[in-house]
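Labels below follow one simple rule: chain letters A, B, ... track the order of the sequence lines, proteins then strands, and each chain is numbered from 1.
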Amino acid sequence: MKVRTRFAPSPTGFLHIGGARTALFSWAYARRHGGVFILRVEDTDVARSTPAAVQAILDGMQWLGLAHDEGPFYQMQRMERYKEVIAGMLAAGSAYYCYTSKDELDQLRAAQEARKEKPRYDGRWRPESGKILPAPPAGVAPVVRFCNPVDGVVSWDDQVKGRIEFANVELDDFIIARGDGTPTYNFCVVVDDVDMGITHVIRGDDHVNNTPRQINLLHALQAPVPHYAHLSMILGDDGQKLSKRHGAVSVMQYHEDGYLPEAVLNYLARLGWSHGDDEVFDMNQFVAWFDLNHITASAAQFNTEKLNWLNAHYIRQADLSRLAADVASRLAVRDVATVAGPDLERVIALYRERAGNLNELADAVHPFYAMVTPSAELREQHLTPSACAALAALQDHFAGCPWQAAELGQAVKQTAAEQGLKMPQVAIPLRVALLGLPQSPAIDAVLEVMGRERVAERLSRILAV
RNA sequence: GACCCUAUCGUCUAGAGGCCUAGGACAAUACCCUUUCACGGUAUGAACCGGGGUUCGAAUCCCCGUGGGGUCGCCA
């Protein structure tokens, strides 16, 4: 049977890191088995769903490169189908109308909690043989409830957690359609999964408790039960639960923060899944390796430092043209143009191995394209009279020097020797003069890439002060 | 509170009863490389939650504690 998986976010906010991992695993599983990956938008909560959130999710998926094969499907567009199934269940007796008001429900819940019982619907409107139902109260729009089995157990072999069992007595007759006739989540999910032929439901841990209800519903509809794989949650860097107000950020924020999607993907793949000791791999490799039985059953804490390491790794691997395009746009945001300056790809080649993210790379490269003014502190510390004398001597050496790293390095060395200084005593003031910073890549490479005119201009400007 | 899940270095993890003197990676520390800062290399420290079983043998299986998490909506 062909594998069919789905990612089913509700559009009430951005795509965050936990959702992204769920999507990644669902996507990878389908790809691994030559199956189909479906995107389904669960927008039945009209009050909280927004088009902007739908777009944010689509953007996040696209940035990560998690392409769906079918969809996106929108539940709001499937109302007729849900109503049809509900009518069928009502007719078949596997669902019934319930006229209990919200107030009555609140009272019931309060009473149960007072008795330290698990709050649940008491089945007062459930038709049973020999039971006389009260007359439906006037003016109450009934909800539709599912006739959950009253005894026995529901169980399944969770692909990550192993066998899980629930006693049916723990489950109540949950609502499948609201008073206004619109269907609710557990019901829509089941109908959609059946209609879309989903074979593997890969989703967050928080759905474990919905699963027995959904399986019972599946039985009532005489539909096959898919395989389930419940992914445990991702905790924040501090071990705390990730939430909108605590640490949960949009995957697009990672883009903003200078992360490469392949780094985020590689990190996420490794968070809660493993393939022996392998740490660094691309998505082709991941898809070839991915399986459900190497997923960790317990929650994982997000570790930004490891993500940073992977990001630095991928920055070192990336095509220079891609990095240049990205960095140029980050600099453009700061009103720094790169077209007139030194070749951006060559500058990036010099700096990429010391950047943890693309914003740092942009920072590092920035001085090549904008006026440099070393801080007073740096001037005082490094641009001493003897250093300035050396820089002046350098100007002369540079004038007749072929503009090649080897010769330029030689010129710096020679100047140092002539001035009776050690190499760093010339190289560091030179860095401060050219870049406004005491550290840089190899000074000869910096000189070469910066170019004769720019170096001359910056040196004379510094020495003129 | 009830139900369900879970537990290996600070963190992510390897580990399917003997291969474990518990491995790798991030982070940390030290050293090497080096004209600076990085990169890279080498090395070091660092863990099987506790208690009972089962077994010739348990990080691995079972039970009980304890810790952590999830769920108990006419939200998804």
Nearest-nucleotide 5' precedence on RNA chain B, A:Met233 against A:Glu42: A:Met233
Below 4.0 Å: OP1/OP2 of B:A25 and any side-chain N or O of A:Arg270: no
Distance-only polar pair, side chains of A:Arg330 and A:Asn359, donor-acceptor under 3.5 Å: yes
Touch class at under 4.0 angstrom, heavy-atom based, for A:His207 against every strand present: base
Within residues 72-89 of chain A or reaching into it, pairs that qualify as salt bridge (Lys or Arg N to Asp or Glu O under 4.0 Å) - sequence neighbours excluded: A:Arg78-A:Asp192, A:Arg78-A:Asp195, A:Arg81-A:Glu84, A:Arg81-A:Asp195
Of all pairs that satisfy ring pair (Phe, Tyr, Trp, His ring centres under 6.0 Å), the ones with a partner from residues 288-308 of chain A, not counting sequence neighbours: A:Phe25-A:Phe290, A:Tyr267-A:Phe302, A:Trp273-A:Phe290, A:His275-A:Trp289, A:Phe281-A:Trp289, A:Phe286-A:Phe290
Contact under 4.0 Å: A:Arg213 side-chain N or O vs B:U71 OP1/OP2: no
A:Arg48 or A:Trp309, whichever maps to the more 5' nucleotide of RNA chain B: A:Trp309
A:Arg316 side chain, from C-beta outward: closest of B:G40, B:A76, B:C12: B:G40
Sugar-phosphate only, base, or nothing, as touched by A:Asn210 at under 4.0 Å among non-hydrogen atoms: base
Sugar-phosphate only, base, or nothing, as touched by A:Thr100 at under 4.0 Å among non-hydrogen atoms: base
Closest nucleotide among B:G73, B:A7, B:C4 to the A:Phe166 side chain: B:C4
Touch class at under 4.0 angstrom, heavy-atom based, for A:Ile443 against every strand present: base
Sugar-phosphate only, base, or nothing, as touched by A:Ser440 at under 4.0 Å among non-hydrogen atoms: base
Residue A:Gln301, side-chain heavy atoms: nucleotide from B:C12, B:G15, B:C74 that is nearest: B:C12
d(CD1, A:Ile295; P, B:G15) in whole Å: 13 Å
Touch class at under 4.0 angstrom, heavy-atom based, for A:Val143 against every strand present: base
Closest listed nucleotide, where the reference is the side chain of A:Glu305 and the choices are B:A27, B:U36, B:C4: B:A27
Length of the CD-P vector between A:Glu279 and B:A27, whole Å: 11 Å
Touch class at under 4.0 angstrom, heavy-atom based, for A:Asp278 against every strand present: nothing
Sub-4.0 Å heavy-atom contacts from residues 350-359 of chain A onto RNA chain B, ordered by number: A:Glu353, A:Arg354
Touch class at under 4.0 angstrom, heavy-atom based, for A:Pro424 against every strand present: sugar-phosphate
Touch class at under 4.0 angstrom, heavy-atom based, for A:Glu113 against every strand present: nothing
Touch class at under 4.0 angstrom, heavy-atom based, for A:Gly272 against every strand present: sugar-phosphate
Salt bridge (Lys or Arg N to Asp or Glu O under 4.0 Å) against A:Arg316, all qualifying residues, sequence neighbours excluded: none
CD on A:Gln285 to CE on A:Met283, rounded to 0.5 Å: 10.0 Å
Sugar-phosphate, base or nothing in reach of A:Thr296, heavy atoms under 4.0 Å: sugar-phosphate
Electrostatic pair A:Arg203-A:Glu42, nearest N-O below 4.0 angstrom: no
Mutual orientation of the aromatic rings belonging to A:Tyr97 and A:Tyr99 [parallel < 30°, tilted 30-60°, perpendicular > 60°]: tilted
Base of B:G70 paired with side chain of A:Asp206 (donor-acceptor, under 3.5 Å): no
Using atom types as modelled, flag every donor-acceptor pair under 3.5 Å from a side chain in residues 137-147 of chain A to any protein atom, sequence neighbours excluded.
| unit_1 | atom_1 | unit_2 | atom_2 | d |
| --- | --- | --- | --- | --- |
| A:Arg145 | NH1 | A:Asp173 | O | 2.6 |

Sugar-phosphate only, base, or nothing, as touched by A:Pro9 at under 4.0 Å among non-hydrogen atoms: nothing
Sugar-phosphate only, base, or nothing, as touched by A:Lys116 at under 4.0 Å among non-hydrogen atoms: sugar-phosphate
Length of the CG-C1' vector between A:Asp205 and B:G68, whole Å: 12 Å
Selection from B:A16, B:C74, B:G1 that lies nearest to any side-chain heavy atom of A:Thr184: B:C74
Pairs flagged by ring pair (Phe, Tyr, Trp, His ring centres under 6.0 Å) wherever residues 347-366 of chain A is involved - sequence neighbours left out: A:Tyr351-A:Phe368
Sugar-phosphate only, base, or nothing, as touched by A:Thr44 at under 4.0 Å among non-hydrogen atoms: sugar-phosphate
A:Leu171 CG - B:C4 P separation (whole Å): 11 Å
Closest listed nucleotide, where the reference is the side chain of A:Ala297 and the choices are B:C3, B:A76, B:U6: B:U6
